[in-house]
Every structure is written in structure tokens, then in C-alpha cells.
Amino acid sequence: MAAVFARQQETAIRWRESTAAERIDRIKRLREALLDNRDNFYAAFAADYRKSPSEVEASEFLPVLEEMRHVLGRLKRWMKPHKLWPTTTMLGTSAWVQCQPRGRVLIVAPWNYPLSLCLGPLVSALAAGNTAIIKPSEMTPAVSGLMARIIAKVFPENEVALFQGSTPTSTALLALPFDHIFFTGSPAVGKVVMTAAAQHLTSVTLELGGRSPTIVDESANLTLAAETLMWGKFINNGQTCVAPDHVYVHTSVKPAFIDECKKVLKARYGETPGQQKASQDLTRIVNGRHTQRVAALLSDALARGAVAVAGGEVDEAQCYVAPTLLDQVPAGADILSTEIFGPLLPILSYSDLDQVIAEINAGPKPLALYFWSRKQAHIDKVLTRTSSGGACINHCVAQFAHGNLPFGGVNNSGIGNAHGVYGFKAFSHERAVLRSSPLMLIKLFFPPYTLNRYKLIRQVVDMLRLPMI
Ligand SMILES: NC(=O)c1ccc[n+]([C@@H]2O[C@H](COP(=O)([O-])OP(=O)(O)OC[C@H]3O[C@@H](n4cnc5c(N)ncnc54)[C@H](O)[C@@H]3O)[C@@H](O)[C@H]2O)c1
């Protein structure tokens, strides 16, 4: 891989001059190859974790195709130098921001949305004019293998290369002096990536995880809350970075909310546990190890007195855990202190919104925060008093799909943003360019510092106390 990395250098330097048309052509070739392989992807996703074609379309193809469309329509504009007015002392100069490709970039991706989280960032990287090396997850071998074949067909290795493998492959790649690393995965591995990047002072975008809290207040439209929350929680069987982890429900509406959620689950996946298990719409847990991890969270909660008001069935051999709603989960249960990443939803009661906000603020800053309410004062309070990568009001997970919104975390849930122009900028160096003229004001500040010159500089500095017009 070091040899491929070395060969990408010549391309990366040449691509500094690449035009919008050339970059668009690369993205279009990738798009055609993806669409030519639609059925192969259905088969690969089915083999890896029985993801249904509808979810492959909605949660893998759709975000990538949408990203491509967004980029193709706007790239020319994004690439144009962004001209800026001179500030007071810079009168007589012109200035602009030139977005340059960073150069050679590394994209390391997780297993939960293997296509979307490898190729979405790749679209941004190509739009910004970079070469790329991709390291998908080892946990979805069928999808990763198919992507490797497609990438090798569309791009020579000195442009885009994909290396399959687990931690040793990542470690070897992370030792190389990339110009940018775009990592999606857990906060724990995010720290490993940032430490490795620090050796070369490589810039990073870290798209991480953590627990995303959710609140349903007494004014919420409970039908809407149940419909959207059951979708965001159980799509990909809960294996979603922005999936709601636990939900605080106002005591006065909790029984009605649980009833609504149960109705939605039955309508979507089947009336009985047997029908739900047979549903083709429920993705499986990615492997035995993760099934055991999720099953252990469930049995710990049940052993401590939690009640499964829906679901609760586990078949480890088939990597199956039913969509499960847990009531009366006691403080101290493991499920309340770790990212669940599976189909378990603890439903907690609250009567004081300030207390919920205090609990959220006591933990690491989440990737997402969701609030169902019709009270504007409550919405304002939650949005101003908390911090999270993103937030939705009366919806969940959908913020990921909005191409004009930045997508990213904050501190423990991530650094930097992806998607649309934010993704383009993540993979660009925003170079500041100043062009001077003989009339530049700053000339008056050059030495020798005579008394008059000193007085003039001082007057200009004093003038800066005046308000901007
Ligand atoms: N913010 C987002 O956009 C986003 C999206 C999806 C998943 N996630 C997060 O990803 C996590 C789940 O995915 P995962 O289990 O694949 O994450 P992970 O951090 O275990 O692995 C991510 C990638 O890093 C590699 N890796 C693992 N250990 C490594 C190490 N020690 N050194 C170098 N590389 C290593 C893996 O091979 C994989 O390619 C969750 O925390 C989830 O919230 C975040």
C-alpha cells in the first residue's frame, strides 16, 4: 500500500489543476458503475447481514446518489475563488479564498452503512480534486469485496485504491503521511486515528458515535413521534450512528406513547414474535459477536428489573434480536451507559424537562439529539441549553439526508463535517490569497518608524474603535 500511496503523489499534484468537468466525469463514472451493480449489491448486503433491497436503496444508494447529484449541480460554483472585500487596513488590495485539493486522502469506514459511508465521502473527496485510498470495514466482506472490484474497474490505483483488511491494514495506512484522513467509526478508534494523524500533523475529519438522547414531551403529536422514532430506531436494526439510544417520555403521555409504538411495530413487522422474526424488512445484526453484545445488554437490563413491553426475543444463531421496547429500566443498567447499536429502546419517564437537560449535559456531547414537542418554548429551551452534532425536532435520523445541512459530531461525537459543500470543504484546503497593488494603504506602515509614522499608525489603530458601518 505504501507503493500505491507513493504513486498517488504525482496524480495528486497534477489534479491540483483539474477542472470541474474532469471531476464531474470521475463522479459520473463511479455512479454508472454503482448502478450497473445494483443487483450485485442486493446480493452482497443480503449475504453480509440480510439487509432488504428497499433498505439498500433507501439507506445506501439514496444518500450516495443524492450526494452525487448535489455535487454535480454545484461543483463549478464551489470551485470558483471566493472574493472578499478588503478590511480597513487592507484597502488597496484584493483577496479571495482558493479551495485547493488537500492532495492524497484516506477514508476509513465502519460496517453499518458500508456503501454509503465509503462512497459518500469519496464523492466529496473527488469533488474537491483529491486522490483517495479507502479502507472499508472487515465486518461486511461481501459488500467490501464488491466495492473493491468496482473501484478497481473505475479508477487506476494511482487515482483511487481500496484496501480490504482489519486493524493491521488500518494501522499500516495510518502510518502514511496523508494530507487528510476522513474517519467514520467509534470514538475509541477515533482517538487512535487522531493520535496517528498527529505524527504527520495530518488534518482529520472524525465522524464518530456515542449515545443519542431523545425526548417526547407532553405536547408531542404521539402518532407522529411513534411513526418517526420507530423508523429511526429500527432501520438497519438499530445499527445506525444517529439512531436514538434512549427516549425520555413525559410521565403523563408515556402509556399512550408506548401503545402507539407497539401499534407501529406490529403494523410494520408483524403481529406476533414469529411473524416479526420472519419479516424480510428487519436487517440482521452484523455478526455473532455483536449479537452477543446486544443480547447481553438486554439480559442485564431484564435481570435488573426492566420490562420488555415489546420484543425481547433473541436467536443468537441467526443474529436476531427482535425490535424491543424496554420500560422501567433502572439507573445503573449497562444499556443506559453505552452506545446500544442494536434494536433495543429503553423508554424512561420524566416530569421535569430541566432535569432531562441536566442529565444530557452531564454526559459527552452526543452526535444527535431528538425532541418531539409542539411547545415552541420547550423547543427553544432544549436547543439552546444542550449541545450535539445535529438535532431534529419532531423527527429523527433525517438530518443525515439533508444535503444542505452539515453532518458531523461535536467533541466526543466527532470533529468536522461531511455532506454537500461541507464535505467539499472538508477535503479542500481553503487557501487565503491576497493580491496587492501599488496603492495599498499598509505601505504607510512600513519602517523607518519616524515620529510622524508612529502617530499615523496610532491614529489608524485608534480609528479601529469606531463601529463598522
Ligand atoms: N458519525 C457517523 O457518521 C457514523 C456513522 C456510522 C457509524 N459511526 C460509529 O461507528 C461505530 C460503529 O462502527 P465500527 O464498529 O465499524 O467502528 P470501529 O471504530 O470499530 O471501526 C471503524 C473502522 O476502523 C477500523 N479500525 C478498528 N479498530 C481499529 C484500530 N485499532 N486502529 C485502526 N483502525 C481500526 C475498522 O477496521 C473500520 O474500518 C459506532 O460508534 C457508530 O456510532 C459513526
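Everything quoted here is computed from the prediction, not taken from an experiment. For ligands, and for the atoms within them, numbers begin at 1 and follow the listed sequence.
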What residue pairs, at least two apart or across chains, pass side-chain hydrogen bond (donor to acceptor under 3.5 Å, both in side chains) with a residue in residues 147-159?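 side-chain hydrogen bond (donor to acceptor under 3.5 Å, both in side chains) check on residues 147-159 returns R7-E157, T11-N158.
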Provide the closest heavy-atom pair for L208 versus G190 in the form atom of the first, atom of the second, distance.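 Taking every non-hydrogen atom into account, CD2-CA, 3.9 Å.
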Starting from the N and O atoms of ligand 1, find every protein N or O within less than 3.5 Å and list the pair with its distance.
| unit_1 | atom_1 | unit_2 | atom_2 | d |
| --- | --- | --- | --- | --- |
| ligand 1 | 1 (N) | L208 | N | 3.4 |
| ligand 1 | 1 (N) | L208 | O | 2.6 |
| ligand 1 | 10 (O) | G185 | O | 3.4 |
| ligand 1 | 15 (O) | W111 | NE1 | 3.0 |
| ligand 1 | 16 (O) | W111 | N | 3.4 |
| ligand 1 | 16 (O) | W111 | NE1 | 3.4 |
| ligand 1 | 19 (O) | S186 | N | 2.8 |
| ligand 1 | 19 (O) | S186 | OG | 2.7 |
| ligand 1 | 28 (N) | T167 | OG1 | 3.4 |
| ligand 1 | 34 (N) | S170 | OG | 3.0 |
| ligand 1 | 37 (O) | K135 | NZ | 2.7 |
| ligand 1 | 37 (O) | E138 | OE1 | 2.7 |
| ligand 1 | 39 (O) | A109 | O | 2.7 |
| ligand 1 | 39 (O) | K135 | NZ | 2.9 |
| ligand 1 | 41 (O) | E339 | OE1 | 2.8 |
| ligand 1 | 43 (O) | E339 | OE1 | 3.4 |
| ligand 1 | 43 (O) | E339 | OE2 | 2.5 |

Counting C-beta onward and ignoring hydrogens, is there a side-chain heavy-atom pair between P244 and L229 closer than 4.5 Å?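 Yes. Closest side-chain heavy atoms under 4.5 Å.
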Which residues pass the side chain to side chain contact (heavy atoms under 4.5 Å, CB included) test with Q280, sequence neighbours left out?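 Per chain and number, Q280 pairs via side chain to side chain contact (heavy atoms under 4.5 Å, CB included) with R50.
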Below 6.0 angstrom between ring centroids: does that apply to F182 and H180?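 Between H180 and F182, which both carry aromatic rings, the centre distance is not below 6.0 Å.
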Q98: what forms a side-chain hydrogen bond (donor to acceptor under 3.5 Å, both in side chains) with it, not counting sequence neighbours?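 Here the qualifying residues are R431.
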